[in-house]
There are 2 protein chains.
Amino acid sequence: MEENKHVTIYDIAERLNLATSTISRALKDHHTISDKTIKKVKKTAEEMGFVPNTLAAGLRGNKTKTIGVLIPTVTQPFLSSLISGIEITAQKSNYTVIIMQSHDSYEKEVDMAKSLYSNRVSGVICSLAMETKDTSHFKQFSNNNIPLVFVDRVPKDYNTFRVVIDNFSAGYKATKHLIDQGCKRIAHLTAGSEYGSLYNERKRGYVEALKDHDLVVDEDLIISLESFTYEEGVKASNQLFDLKDIPDGLFAPGDIIAVSAVQTAKKRGIKVPDDFAVIGFNNDPISQIIDPNLSTITHPAEKMGKASAEIIIKNLKSLKNEDAKEITFLNTEVLVRESSDKNKL
Amino acid sequence: MEENKHVTIYDIAERLNLATSTISRALKDHHTISDKTIKKVKKTAEEMGFVPNTLAAGLRGNKTKTIGVLIPTVTQPFLSSLISGIEITAQKSNYTVIIMQSHDSYEKEVDMAKSLYSNRVSGVICSLAMETKDTSHFKQFSNNNIPLVFVDRVPKDYNTFRVVIDNFSAGYKATKHLIDQGCKRIAHLTAGSEYGSLYNERKRGYVEALKDHDLVVDEDLIISLESFTYEEGVKASNQLFDLKDIPDGLFAPGDIIAVSAVQTAKKRGIKVPDDFAVIGFNNDPISQIIDPNLSTITHPAEKMGKASAEIIIKNLKSLKNEDAKEITFLNTEVLVRESSDKNKL
DNA sequence: GAGCGCTTCGCAATCGGTTGTGTAAAAATA
DNA sequence: TATTTTTACACAACCGATTGCGAAGCGCTC
């Protein structure tokens, strides 16, 4: 332990007068090594403070037991929960997690993809940057049989694993819930179309639900946000409340946005949920704390992380570029809380 | 790009009829290589889709440009911001970040420390697990001149870098602010003594401020929590409000706890801040959203992450185990918002 | 044109495990 | 006892980039 140099299997071999190959095999309970030798080697390794060098093993075996995670940011509750799920699963199989933040920049995403490849990760889990339209920087993984999983914000035209929720159905469910509460004029906030299909799907669900229940789709009630910040939410909410014909419900595709709407309503003396029922999305921690509690759609972040990691760990050995990759759909649920519960059930 | 095998410098060397050493040097603009050769090599490398193998370089050079981060969890706002700061700084110097969660378990922390060592990280940034009392599992880093930085939750008896805030002074400032608002009976929630010095320091600051202003320290107003959850906060708050002599202020060492107190007060018809002024800690996102807005103490998470990463990147070359390691103190500020602002300034 | 210095590059060892192949010795079978 | 099988281990190549050392090529000077 007081050494200033790493202890290697060579050191152990020398001490025990054995070959390094024997040490290596003994340490991993290889069947060609006798129990006696295995015990002796392990004991000595322990005594000498041996810690295997992952780099050497990775270099030789061309596998690193490392999962690369490439996401916009780690500070959003959804994404940090996603990481948590990945990390927990990885840990169980002795995998290491490397994390990189694209900050929603396409260029950074390209750089970091290269960096992950450079680190010879065993697999990659990615949630795309807002800016990203071209996904060719992921081909290096596909071409080298490095499993690639897209989560949540996924490209539509890429044959690889995907772990997602059914955003259409989630949007439908959320909207239907408001309709069931008696709302007739339901507003919806969404993201610019360039932000990919995710928000469009939710919007599609919203529109479909309205149509199915013979409600008009009023374009005035659909506002597209630049970004999903509290301030943007306030701005949009005020825009809604400034209409002649004010909405009586809102489906917001994010809890922060929903909260901003609830609070803006309160400030303007509009009662939530009686005059204005709100449902958010994600089930962020804040949704349970805010007053009134926020109804929301669960977004199983940690489960999605676990599922993604499991795909990678399972698919390490056999998979070919051409093979069709499955899409994993995870469930969402409507979580009814105060902000949309007109009937106080 | 269509290869199924990684392109190596050997492949480039063969193509150009040069030695691998020349390729290696050319790629990093070594001065002994002519500009012409450098250009040619880089162009070919690009064409062939060469991506350096970090493992090989790391193995040979015994340096990996990797920072290991070992923290309780990634899902707390403070810690995910810390990670963000680390990652941003690392990125600038082309470092990679490996993240592991101890989930506040001592055993996991020991395991993961070994795993980080096994990965031959260039440096380690750690915020200790709640359970951790013995820190000998970090000696492997110190003994091998791998820079080690403790952040926020740090051991007191370990000679290594530390990045912290002055918790005593923060506690003092928070309490003094309440006193300035006219509070006479200020409660304080804290963590069990086994949770290390951090919360004790805040408490010390609290006590000191009371004494300095001739207020009595009432043990009934100091409650030690098992864990920092919303529910625990509610329980403690109710305990406070059940006293004959109710407090008129609260310093909570975390925003979640503070929010739970504010909401519990509201439920019981106690007016915040008039009857009960509250100040939290951390400046979590929720503090600005909750109604009334929560006064709090800023906890510069991202800055702390940046500072930690910088220490590691700077200290890679020359430092010896015996050298004294500096402690970096970062500033905190009192952020006065509605929950403690009796004078509506 | 011999000597000197500088530029440019090749050779080969090295980092530390992993693993296919080879070979003794021990055990089992004939 | 001879032969086959099994056990237990050693040898050495290998993964891919790095780097100290050596040497060839070139221009220059005297």
Sub-3.5 Å pairs of nitrogen or oxygen atoms, protein against nucleotides 24-26 of chain C:
none

By the 4.0 Å heavy-atom rule, please label [X] as base, sugar-phosphate, or nothing.
X      : value
S21(A) : base
N62(A) : nothing
K36(A) : nothing
I33(A) : sugar-phosphate
L18(B) : sugar-phosphate

Closest approach to the side chain of [X], judged atom by atom: which nucleotide of [options] is it?
X      : options                   : answer
T32(B) : dC9(C), dA12(D), dG10(C)  : dC9(C)
S34(A) : dC9(D), dT19(C), dT18(D)  : dC9(D)
T22(B) : dC15(D), dG10(C), dA12(D) : dG10(C)

Whether the side chain of T37(A) and the base of dC9(D) hold a donor-acceptor pair under 3.5 Å is what I'd like checked. no
Do R60(A) and dG20(C) have a side chain to base donor-acceptor pair shorter than 3.5 Å? no
Using atom OH of Y10(B) as one end and atom P of dA17(D) as the other, report the distance to the nearest whole Å. 8 Å
Give the rounded distance in Å between these two atoms: CG of D11(A) and C1' of dG16(C). 10 Å
Less than 4.5 Å apart, any side-chain heavy atom of H137(B) and any of T132(B)? yes
Is it true that the side chains of S105(A) and H103(A) contain a donor and an acceptor less than 3.5 Å apart? no
Any donor-acceptor N/O pair, Q101(B) side chain to E87(A) backbone, under 3.5 Å: no
Any sub-3.5 Å donor-acceptor pair from Y158(B)'s side-chain atoms to F138(B)'s backbone N or O? yes
Run the salt-bridge test on E46(A) and K42(A) with the 4.0 Å N-O cut-off and return the result as yes or no. no
Decide if atom CG of D134(A) counts as having more than 12 heavy atoms of other residues, nucleotides or ligands within a radius under 6.0 Å. yes
